[in-house]
Amino acid sequence: MIGKIKKKYIILGGIFSLIAFTFALEHYQKEYERKRRIEIKKTVKSEIGDHFGPGKLKLPHDIKFEDDLFEVEYTFNDELTSYVRKLLRRHRPDYTSVVIIDNNNGNILTAIGHQREGNKPADVLPFTSTHPSASLFKVITSAALVEDADVKNKTVFTYRGRGTTLYKYQLKNKKTRWTRKQSFKNAFAFSNNVVFGKAAINHISGEELFDMASKFGFNEELMVDVDLSKSRFVHPRSDYHLAELASGFNKETLISPIHGALIASVVANDGELVYPRMVLNVKNKTTKELIWNNEVRSKKVYSKETADYLESLMEYTANKGTARILERKLPRKMRRDLIVGAKTGSLTGGIPYGKRDWVTTFAKPASSAEKDKGISICVMIVNKKKWYVKSTFLANKIINYYYKKIDPVNGDALLTSR
């Protein structure tokens, strides 16, 4: 009897040991596969990084890891990229960067650069954060002022001197016969540094502005598939420094053209930041096993109410303000059925050195604004001694081409939707 019991326990012990071994083996295999996928992702990221440098960006589509070959699928639209390259070769500014993002999923459709010397590509430019943001930062300041201080377009500010300058005397509330008034809406549309400096000093703190900049992706790694250098924003050290940062009238706040396009994308997406990506997925070329699916990532930046207000500010800028060429040069039917918003900026400095002419803009179908968030475009031109073409002119050409050629179904709907 005792022998039978011992035998039974021995059998049960063997079964439990087998089960435990099976679980341990499965855990080991899963852990091995997990670590292997991580190493493959690192290899892909490293291989992509190795192809960044002077000239045209030629990204690898097949990457070898150990004994296997993996294929990388990118987000780029070759037809759109080809059109933009021709556009840049034709107008040839000293340096130009163009980034186009699909607002719906963060896909980078185009990210190219060009330089006048040699009339050749300089595709590393969109991925460098060595460029003063200038007045593009007014979008972030506006978000902070509306979200935290409820500053709206009916708020009227007084200022002295030119709105394109920023002296300490201009930030004082002293009234003279030269004192003028301007609404916040017009200050945004015509990029008034003084109004933005005074609004920041009087209505928000440096911490609130820093927090909003962080929400917009400053000092953060925006992409997981490439080592995109971080955009930089520092804590304000004084009231005047706060005014400089809030207006964008400084050389400390640095961004990449990819981040420039992302700023408009946040507004088009009702306050949602959809992180940019250039790799869709990585598969085993032989087995077609999905190794890495670069999923859409997003975060909420501000409320829907703030989003609606910022969109109206950027629309007004594209219609009446410094970016009015964007909308006025579009075909009449496209103007009627597209929502176009923009912010411009200009400042001398950065690497490569020169006067930057920025525009960040979004364009989305008005009839399906809740479904299709359209595209965002950032054009950065660096001029050394003379101007060759305006950033808003190039952005207008790209919007026109995109809704006629790249998205023909949506484009046809635009022209017949009303």
Side-chain angles (χ1 to χ4, degrees), residues 101-106 133 135-155 157 183-185 187-189 191 195-197 199-222 230-236 242 245-248 253 255 258-276 296-318 321 339-343 345 360-364 369-376 378:
I101 292 178
D102 186 332
N103 296 328
N104 300 284
N105 46 35
S133 67
S135 288
L136 297 193
F137 196 82
K138 286 185 173 73
V139 177
I140 290 88
T141 304
S142 299
L145 287 168
V146 176
E147 188 85 343
D148 299 323
D150 197 27
V151 173
K152 292 293 193 323
N153 58 349
K154 291 183 180 178
T155 304
F157 293 87
S183 69
F184 187 72
K185 183 177 181 180
F188 183 93
S191 225
V195 168
F196 267 79
I201 291 172
N202 295 327
H203 295 283
I204 58 174
S205 66
E207 192 64 36
E208 286 172 326
L209 186 61
F210 186 88
D211 287 345
M212 185 57 72
S214 299
K215 290 177 181 178
F216 263 90
F218 281 83
N219 306 317
E220 178 185 358
E221 290 185 3
L222 294 173
K230 295 180 183 179
S231 296
R232 188 181 76 175
F233 184 77
V234 299
H235 278 280
L242 173 60
L245 295 174
S247 64
T253 304
I255 64 171
I258 286 180
H259 199 175
L262 190 62
I263 290 172
S265 179
V266 172
V267 179
N269 275 311
D270 300 326
E272 193 85 13
L273 187 153
V274 181
Y275 287 91
V296 175
R297 300 180 301 128
S298 66
K299 68 175 180 179
K300 195 68 177 175
V301 177
Y302 47 72
S303 66
K304 180 65 166 64
E305 182 182 2
T306 300
D308 291 340
Y309 178 65
L310 284 185
E311 186 170 303
S312 70
L313 288 181
M314 292 185 71
E315 279 189 73
Y316 186 72
T317 305
I339 297 174
V340 179
K343 186 71 192 82
T360 181
T361 178
F362 63 81
K364 59 182 181 179
E370 294 301 319
K371 298 177 182 178
D372 184 0
K373 298 302 182 181
I375 58 172
S376 286
C378 179

**Request:** Take S142 and F184 through the side chain to side chain contact (heavy atoms under 4.5 Å, CB included) test and state the conclusion after the steps.
**Result:** CA-CA 9 Å; S142 299; F184 187 72; 3.6 Å; yes
**Message:** For N219, give me all partners under side-chain hydrogen bond (donor to acceptor under 3.5 Å, both in side chains), at least two apart in sequence or on another chain.
**Reply:** none
**Message:** Are F233 and F216, when compared by the centres of their aromatic rings, separated by less than 6.0 Å?
**Reply:** no
**From CG (L222) to CG (L273), nearest 0.5 Å** = 7.0 Å
**Prompt:** Hey, what do you get for CD1 (I140) to CG (L245), rounding to the nearest 0.5 Å?
**Reply:** 12.0 Å
**Message:** Can a donor-acceptor pair be found, under 3.5 Å and without considering hydrogens, that links the side chain of S133 to the backbone of L136?
**Reply:** no
**Request:** Check whether the side chains of S303 and E147 place a donor and an acceptor atom closer than 3.5 Å, and report yes or no.
**Result:** yes
**Message:** Would the distance check show the side chain of S135 and the main-chain N or O of K138 forming a donor-acceptor pair, the cut-off being under 3.5 Å?
**Reply:** no
**Asked** How long is the gap from CG on N269 to CG on N103, to the nearest 0.5 Å?
**Response** 5.0 Å
**Item:** Smallest separation among heavy atoms of V151 and V146, with atom names
**Value:** O-CG2, 3.1 Å
**Contact check, side chains of F137 and L209, non-hydrogen atoms, under 4.5 Å** = yes
**Exam field: side chain K364 to backbone A268, donor-acceptor pair closer than 3.5 Å** = yes
**Item:** Check: D102 side chain, I375 main-chain N or O, donor-acceptor pair, under 3.5 Å
**Value:** no
**Asked** Between K373 and S265, do the side chains contain an N or O donor and an N or O acceptor separated by less than 3.5 Å?
**Response** no
**Request:** Quick one: list whatever passes side-chain hydrogen bond (donor to acceptor under 3.5 Å, both in side chains) with E272, sequence neighbours left out.
**Result:** S298
**Item:** Between CG on residue L310 and CZ on residue F188, distance to nearest 0.5 Å
**Value:** 7.0 Å
**Asked** Donor-acceptor pair, T317 side chain versus K343 backbone, under 3.5 Å?
**Response** no
**Prompt:** Salt-bridged, K215 to D211, with N to O below 4.0 Å?
**Reply:** no
**Prompt:** Strictly under 6.0 Å, is that where the ring centroids of F218 and H259 end up?
**Reply:** yes
**Test log, rule side chain to side chain contact (heavy atoms under 4.5 Å, CB included), inputs F362 and I101** = CA-CA 9 Å; F362 63 81; I101 292 178; over 6 Å; no
**Nearest-0.5 Å distance, OH of residue Y316 to CE of residue M314** = 15.5 Å
**Asked** Say you draw a straight line from CG of L313 to CG of D308; how long is it, rounded to the nearest 0.5 Å?
**Response** 11.0 Å
**Item:** Partner set under side-chain hydrogen bond (donor to acceptor under 3.5 Å, both in side chains) for E221, not counting sequence neighbours
**Value:** none
**Message:** Check whether E315 reaches the backbone of I339 with its side chain - one donor and one acceptor, N or O, closer than 3.5 Å.
**Reply:** no
